[in-house]
Number of protein chains: 2
Amino acid sequence: MSDWVQRTSETLERAGYRASGPRRAVVEVLGRQRCVVTARDIADVLREEGRDVGLATIYRALDVLSRLGSVQRLDVGEGSALYEPAHANGEHHHHLVCDRCGDVSAFEDPQLERAIGRLAQRVDYQVAGHDVVLRGACPRCVA
Amino acid sequence: MSDWVQRTSETLERAGYRASGPRRAVVEVLGRQRCVVTARDIADVLREEGRDVGLATIYRALDVLSRLGSVQRLDVGEGSALYEPAHANGEHHHHLVCDRCGDVSAFEDPQLERAIGRLAQRVDYQVAGHDVVLRGACPRCVA
DNA sequence: CTGAGTGCAAACAGTTTGCATTACT
DNA sequence: AGTAATGCAAACTGTTTGCACTCAG
């Protein structure tokens, strides 16, 4: 079981949530993802594994998990919301979205993080998080 | 008439679109916005001015305008998509979104732009644009 | 045993689309 | 006159909600 699944289960328990089968299943699928997935993606994976979970349950689980800070939600405006496991150590990445095929991939950039960190101090909001999305053409679509 | 409205009208004409009243009205409302608005916001403003325009028409106009690069669309996942005039000179800003009240405000940061510029060269996508969203609590909600 | 959690289906909200009508060019 | 553009209403899509049932604690 991945670190994230472990920690997330503990977070849920500590917050007083019950360890139900369906929610656990959602957490496990999320734990195996390296990048973003939609609610439907999760449902599909679970169906293939023979442990069907209703979409409503998946949305409810994602809601709880993002509220607890264990998953990060991303909206790129192509229909459905994207979700990914959020890692506790502050380590996180951002996304490249292909305008043509909708493909999403990840990148990290410490320099960018630093610029955002400095910026966060300058503004009048109490900044809790941030998303950066670069849009353009993915290598496959360029070719 | 603002610069942006002027330039946008020309862009539309050059691209072969007709100068219809309803679309012109949408462009004018957009031209008066300093930051983001929803399709419904535009409809409301127009209704107040007594020049009702159907929502479908507004969506169609926004679609054309963003395809032409004259408006920038932003998805922050609070229901509806946000739109704002895109300025030709490359000058643009990013957004602070309040988690509690949904308020959206703008900021500019050349240092951040530079970091993104450098980054764009390093990745394997052909980067055409970017969005940065900082999330947190707005001054009013903090108090 | 009690209520959090679930699944289903119905309800919703934003957006898109088909089609008859209007109005630029 | 010809055709892009509009308005309306119906269709769609992703997400949320109400409710009876189930199961973890």
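Throughout, a chain's letter reflects where its sequence line sits, starting with A, and its residues are numbered from 1. What you see is a predicted model; the values in this text were computed from it and never measured.
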Against the side chain of A/A19, the closest entry in D/dG7, D/dG25, C/dA23 is D/dG25
- [ ] Indicate whether OP1 or OP2 belonging to C/dT6 is found under 4.0 Å from a side-chain N or O atom of A/S20.
- [x] yes
With the side chain defined as heavy atoms from C-beta on, B/R40 is closest, among D/dC23, D/dA9, C/dG14, to C/dG14
query: Should A/D109 and B/R122 count as an ion pair when the cut-off is N to O under 4.0 Å?
result: yes
In whole angstroms, the gap separating C1' of D/dT13 from CG of A/D75 amounts to 15 Å
The nucleotide from C/dT17, D/dG7, C/dA23 with an atom nearest the side chain of B/P22 is D/dG7
Compare side-chain N and O positions of A/T57 against OP1 and OP2 of C/dG7 and report whether any pair is under 4.0 Å apart.
-> yes
To the nearest angstrom, the CD1-P distance between B/I42 and C/dG14 comes to 14 Å
To the nearest angstrom, the CG-C1' distance between B/L12 and C/dT25 comes to 16 Å
Rounded to whole Å, CG of A/D41 lies from C1' of D/dT15 at a distance of 15 Å
So, A/T57 side chain and A/V53 main chain: donor-acceptor pair closer than 3.5 Å or not? no
Against the side chain of A/V53, the closest entry in D/dA5, D/dG25, C/dG7 is C/dG7
State, without any angle test, whether A/D41 and A/Q33 hold a side-chain donor-acceptor pair at a distance under 3.5 Å. no
Per atom distances to the B/A56 side chain, the nearest of D/dT17, D/dC8, D/dT15 is D/dC8
ask   = So what does B/D63 touch, heavy atoms closer than 4.0 Å: a base, only the sugar-phosphate, or nothing?
value = nothing
note: B/D44, atom CG; C/dG14, atom P; distance rounded to Å ~ 11 Å
Whichever of B/L55 and A/R23 has the more 5' nearest nucleotide on DNA chain C, that residue is A/R23
Of A/A61 and B/G21, the one whose closest nucleotide on DNA chain C sits nearer the 5' end is A/A61
B/E13 CD to C/dC24 P, in whole Å, measures 15 Å
Subject >> No-H, no-angle donor-acceptor pair, B/R60 side chain to D/dG7 base, under 3.5 Å >> reply: yes
Q. Judged by modelled atom types alone, do A/H87 and A/H93 share a side-chain donor-acceptor pair under 3.5 Å?
A. no
message: Looking only at the side chains, is there a donor atom on one of A/D99 and B/Y125 sitting less than 3.5 Å from an acceptor on the other?
response: no
From CZ of B/R18 across to C1' of D/dA4 the rounded distance in Å is 4 Å
Rounded to whole Å, CZ of A/R24 lies from P of C/dT6 at a distance of 12 Å
